[in-house]
Amino acid sequence: QVQLVESGGGLVQPGDFMRLSCVASGRTSDIYTMGWFRQAPGKEREFVGLIDWSGDGTFYGDSVKGRVTVFKDNPKNTVYLQMIGLKDEDTAVYYCAAGRRVALSADLVDYWGQGTQVTVSS
C-alpha cells in the first residue's frame, strides 16, 4: 500500500499562484506515476497533471494546460502541483494520485490522498 498526504490549498484570490505538495509513504516502489486530480461540486473528478516517477515525462489536462506545472523531489517522495493565474473555476478539492501505470482518468488510479480544498475567491 501507498499512503499519500497532501498539504497546501486554502483560500486564494483570482490571478494568484498556488502550490500543493503531496508526500508518499509505504510501498513507494509501486509508484510509476504521481499526479493530481480535482473535483468541483457536482462534477466528476478531473485529471490535472501527472509526472513519471522514474523519469521527467509529464502530462497535463486540457483545461489547465499552460497554467500548471507538476514536478517532484524523489528523495523526499514528494510531488508538487504549481498553478498560476487562478480562476474561480479552479475551485475544487484537489487530490494527489499515484499509480502503477499512466493514469489519465480516475478509474486508473491505484492510490488517493485525502484531498485538499482550494477556493478561488476575492
Next on the checklist: Under the side-chain hydrogen bond (donor to acceptor under 3.5 Å, both in side chains) definition, can you give me all pairs with a residue in residues 47-58, not counting sequence neighbours?
Outcome noted: D52-S54
Item to check | Side chain S121, main chain T119, donor-acceptor under 3.5 Å | outcome: no
Next on the checklist: Check for me, please, whether V118 and V79 land in the same ILVMFWY cluster - side-chain distances under 4.5 Å, paths through other members count.
Outcome noted: yes
Checklist outcome for this item: On a heavy-atom basis, the closest approach of V48 and V64 is O-CG2, 3.5 Å
Checklist entry - So which pairs with a foot in residues 67-113 pass disulfide bond (SG atoms under 2.5 Å apart), sequence neighbours left out? => result C22-C96
Checklist entry - Within a strict 4.5 Å, meaning less than it, do heavy atoms of the Y80 and D73 side chains meet? => result yes
Next on the checklist: Can you pull out every salt bridge (Lys or Arg N to Asp or Glu O under 4.0 Å) where at least one residue sits in residues 2-26? Sequence neighbours excluded, please.
Outcome noted: none
Checklist outcome for this item: Y32 meets the ring-ring contact (aromatic ring centres under 6.0 Å, His included) criterion, sequence neighbours left out, with none
Checklist entry - Quick one: do V2 and L20 end up in the same hydrophobic cluster if we chain Ile, Leu, Val, Met, Phe, Trp and Tyr together by side-chain heavy atoms under 4.5 Å apart? => result yes
Item to check | Single-linkage hydrophobic cluster, 4.5 Å side-chain cutoff, V109 and F59 together | outcome: yes
Checklist entry - Got a sec, which residues hit ring-ring contact (aromatic ring centres under 6.0 Å, His included) with F37, two or more places apart in sequence or on another chain? => result F47, W112
Checklist outcome for this item: Here the pair of heavy atoms bringing G85 nearest to R67 is O-NH1, 3.1 Å
Item to check | Cluster companions of F17 among Ile, Leu, Val, Met, Phe, Trp, Tyr (side-chain spacing under 4.5 Å) | outcome: I84
Checklist entry - Would you find a donor on one side and an acceptor on the other, under 3.5 Å apart, between the side chain of Y60 and the backbone of V70? => result yes
Item to check | Side-chain touch Q117/T91, heavy atoms, less than 4.5 angstrom | outcome: yes
Checklist entry - Residues two or more places apart in sequence or in another chain: which of them pass salt bridge (Lys or Arg N to Asp or Glu O under 4.0 Å) with K65? => result D62
Checklist entry - Which heavy atom of M34 sits nearest a heavy atom of L4, and at what distance? => result CE-CD2, 3.8 Å
Checklist entry - If Ile, Leu, Val, Met, Phe, Trp and Tyr residues are connected whenever their side-chain heavy atoms lie under 4.5 Å apart, and connections chain through other members, are L86 and L81 in the same group? => result yes
Next on the checklist: Is it true that, when you exclude E89 itself, more than 12 heavy atoms of the residues, nucleotides or ligands shown sit nearer than 6.0 Å to its CD?
Outcome noted: yes
Could you list the donor-acceptor pairs under 3.5 angstrom formed between side-chain atoms of residues 99-107 and any protein atom two or more places apart in sequence or on another chain?
| from | atom 1 | to | atom 2 | distance (Å) |
| --- | --- | --- | --- | --- |
| R100 | NH1 | Y111 | OH | 3.1 |
| R100 | NH2 | D110 | OD1 | 3.3 |
| R101 | NE | L108 | O | 3.2 |
| R101 | NH2 | D110 | OD1 | 2.9 |
| S105 | OG | D107 | OD1 | 2.4 |

Checklist outcome for this item: Sequence neighbours excluded, the answer for salt bridge (Lys or Arg N to Asp or Glu O under 4.0 Å) partners of D88 is none
Checklist outcome for this item: Quick note, salt bridge (Lys or Arg N to Asp or Glu O under 4.0 Å) partners involving residues 36-51, not counting sequence neighbours, are R38-E46, R38-D90
Checklist entry - With S7, which residues qualify under side-chain hydrogen bond (donor to acceptor under 3.5 Å, both in side chains), at least two apart? => result S21
Next on the checklist: Within the 4.5 Å heavy-atom criterion, are M83 and W36 side-chain neighbours or not?
Outcome noted: no
Checklist entry - Got a sec, which pairs hit disulfide bond (SG atoms under 2.5 Å apart) with one end in residues 45-78, sequence neighbours left out? => result none
